[in-house]
Visitor: 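The following block contains the structure, expressed as structure tokens.
Start at 1 with the first residue, then count along the sequence. Bear in mind that the values here come from a model prediction, so they are computed numbers and not experimental data. Counting convention: from 1, in listed order, for ligands and their atoms alike.
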Amino acid sequence: MVELISFDRTQRMRRAWLGLAAWWAAAAATVFIPVAHFFLVPGFFAFGIYSFLQRARTAVVAVAVSGICPDCEAEQKFEAPARWSESVTLACANCGRSLRLTAPQPAV
Ligand SMILES: [Zn+2]
């Protein structure tokens with residue numbers, strides 16, 4: 001079973017701005033940490049921009065992926081990839097087998 005959330009353009013931009021605001025707030029909060037602020041402030045600032053661009057382009061996100069491994073028959077929840085595509089490669093936590101999961105992209 002795959003549970004997906006799709007975002008239209010307005011929702012993607014809102015999500016992107018919220019992500020940018022969160023990372024830049026973290027950058028502002030770390031200004032007062034001695035020495036570490038030399039790394040944390042530019043790091044959070046740059047990651048905020050990266051996060052904004054990623055979220056602005058991500059139309060579909062998988063929130064839950066679960067199923068039964070065809071090899072060892074263990075039922076499990078898989079770690080969902082950040083951005084969903086039609087074909088995703090996952091690994092079984094029980095036997096380590098590589099599993100390819102295919103699902104059509106929902107209409108946005
Ligand atoms: Zn398995």
Visitor: Do Met13 and Leu20 sit in one hydrophobic cluster, given that two such residues count as connected whenever their side-chain heavy atoms are within less than 4.5 Å of each other, even indirectly?
Guide: yes
Visitor: With 2.8 Å as the limit, jot down which protein N, O or S atoms are around the Zn ion (ligand 1).
Guide: Cys69 SG, Cys72 SG, Cys92 SG, Cys95 SG
Visitor: Would you name the heavy atoms of Thr58 and Arg12 that are closest together and state the gap between them?
Guide: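 For Thr58 and Arg12, the tightest heavy-atom pair comes out as O-CD, 3.1 Å.
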Visitor: Contact between Ser66 and Glu75 at the side-chain level, heavy atoms closer than 4.5 Å - yes or no?
Guide: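 Side-chain contact under 4.5 Å: no.
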Visitor: Please tabulate, for side-chain N and O atoms in residues 40-56, each donor-acceptor pair with protein atoms closer than 3.5 Å (sequence neighbours left out).
Guide:
| from | atom 1 | to | atom 2 | distance (Å) |
| --- | --- | --- | --- | --- |
| Gln54 | OE1 | Arg57 | NH2 | 3.2 |
| Gln54 | OE1 | Arg83 | NH2 | 3.3 |
| Arg55 | NH1 | Arg15 | O | 3.1 |

Visitor: Please check if the number of heavy atoms outside Arg14 that lie under 6.0 Å from its CZ is greater than 12.
Guide: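 Counting other residues, nucleotides and ligands, CZ of Arg14 stays at 12 neighbours or fewer.
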Visitor: Of all the heavy-atom pairs spanning Leu99 and Pro70, show the shortest one and how long it is.
Guide: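 Looking at all heavy atoms of both residues, the shortest contact is CD2-CD, 3.7 Å.
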